[in-house]
Amino acid sequence: MGPSGDHAVSRAIEGDAVRRILDAAGAVFIKDVTTELRSRYAVAATATFALAALAVVSFAVGPFGGRPELLAAFLWTVILFAAAAGLAQAFTREAERRTWLTLRLVAPPTSILLGKWGVNLAVLTAIEALVVPMFLVLFGVEFRSLPAFLAILLLANVGLSAALTLVAALLAQARAHGALVSALAFPLVVPVLMAAIVGTRRAFTEPGVWPPECRVLAAYAGVVVGIGFLLAEHVLDD
Amino acid sequence: MRVIAEGLGVRLSGRVIFENVAFEWNGPGIYTVTGNNGAGKTTLLKVVAALLHPGRGTMRWENSTTAALTPAQARAHLGFAGPEIGLWEDLTALENFAFGARARGLDWSAADGAAWLERLGLTGRGDERLAGFSSGMKQRVKIAFAMLGRPGLVILDEPGSNLDDRGRAVVDALVREAAEHSLVVVATNDPVEAAWGRPGITL
């Protein structure tokens, strides 16, 4: 497909639609991961907030020994605000660097949304890989059920990253993008936040393997991802 | 590719950019869009590229296999290079090309990348990030990016900007070759570029 190719675009468009969407989403994912690894923009914004919040509170207040509900709420508050600080940048950077129109020209809307969501999920997971061990050490947390905690973390990540990505896409070209994403996304993520906090408290205190909140988080993630797929064309078309 | 506009009008922030614009452009070949600064050339190109809905009138895109294309289908069949169409400066030229090709579902290989770099006079610079390129080198890469996969419609907004004589020769050759198989629309105030093809419209 060098300079002497022959109308390869037309042939590619006629291929299998689902495969084309997934291939393009993969291309968006790889492009964003490559640029993120070089600029560390989202990871730096997210990790800085999360680690600073953890350090400040642990030095100021000390361990919340015996208060698992406070520990759970604090952990998810840090994760939520760190995610809001970093994940909204996925679309802002495209607009700031004048690549947003280019992206819309080369990739289908569903692929853009899927690729950006994948990157945000990866960034959030990477941040938690830093934050959670630090949280456990600083606050002396002990688990009754590690599998339950990991399940809550995974399912909440999927829902949280999907909701923030969808709202960020809606506001991709809006002024004051970052502030708007935070303001509009918070009411949407209240269900996932509440379920994650309660589920995490159970993982700290109850030896059961699967807290009922896992079902809530799975349903939330399914609904948000489904809405994203259904609305991608409309969300990104204007 | 065939592009037909009837009664197009765009108003932005309460100001009329243009109104009652009509044309019919049939590819392959080159059509030029001319007009003073601020006349709305870039805005018109965005409408032609299905990146901006006109407030008034209709835009139609047709290719040889489909009677009419939706705006989303039209975007998939066109390439656009201009000041508002940036590339990813944290990526190399080759990585930009590979991304553009893969996002569009095109086959892509290292040989394709090497062929493009040679054509652009950038052999040996493929592993450098775009951020380190001069504005003229970036302009050449942008124009090549718009032509990946030989789209049916190629839109170029001020293609000669930032180019030296060597860069102009490269772009001139690329545009003439593209015009053999695609509809090429060029917005320009440069008399040399304006002479590339038929007058499309003057705003």
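Each chain gets a letter, A, B and so on, in the order its sequence line appears, and its residues count up from 1.
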| query | Where on S111(A) is there a heavy atom nearer than 4.5 Å to chain B: the side chain, the backbone, both, or neither? | reply | neither

| chain B contact via L103(A) - which portion, at a heavy-atom distance below 4.5 Å | both

Going from [atom1] on [X] to [atom2] on [Y], what distance comes out if it is rounded to the nearest 0.5 angstrom?
X       : Y       : atom1 : atom2 : result
R104(B) : D23(A)  : CZ    : CG    : 15.0 Å
W88(B)  : T35(A)  : CH2   : OG1   : 9.5 Å
I85(B)  : T102(A) : CD1   : OG1   : 5.0 Å

Do other residues, nucleotides or ligands put more than 12 heavy atoms under 6.0 Å from the [atom1] atom of [X]?
X       : atom1 : value
R19(A)  : CZ    : no
E118(B) : CD    : no
D164(B) : CG    : yes
R168(B) : CZ    : yes

[X] to [Y] - nearest heavy-atom pair and separation:
X      : Y       : value
A24(A) : A103(B) : CB-O, 3.3 Å
A27(A) : R102(B) : CB-CB, 3.9 Å
R20(A) : G105(B) : NH1-N, 4.0 Å

| task | Can you tell which part of K46(B) gets under 4.5 Å to a heavy atom of chain A, answering side chain, backbone, both or neither? | result | side chain

| query | At a heavy-atom separation under 4.5 Å, does E95(B) approach chain A through its side chain, its backbone, both, or neither? | reply | side chain

| Distance only, no hydrogens: is a donor on one side chain within 3.5 Å (strictly under) of an acceptor on the other, for E84(B) and W100(A)? | no

| remark: Of R97(A), R38(A), R93(A), the one forming a salt bridge (charged side-chain N to carboxylate O under 4.0 Å, His left out) with D90(B) is R97(A)

| request: Quick one: do L87(B) and T99(A) satisfy side-chain contact (heavy atoms from CB on, under 4.5 Å)? Show the steps, please. | output: CA-CA 6 Å; L87(B) 295 182; T99(A) 50; 5.5 Å; no

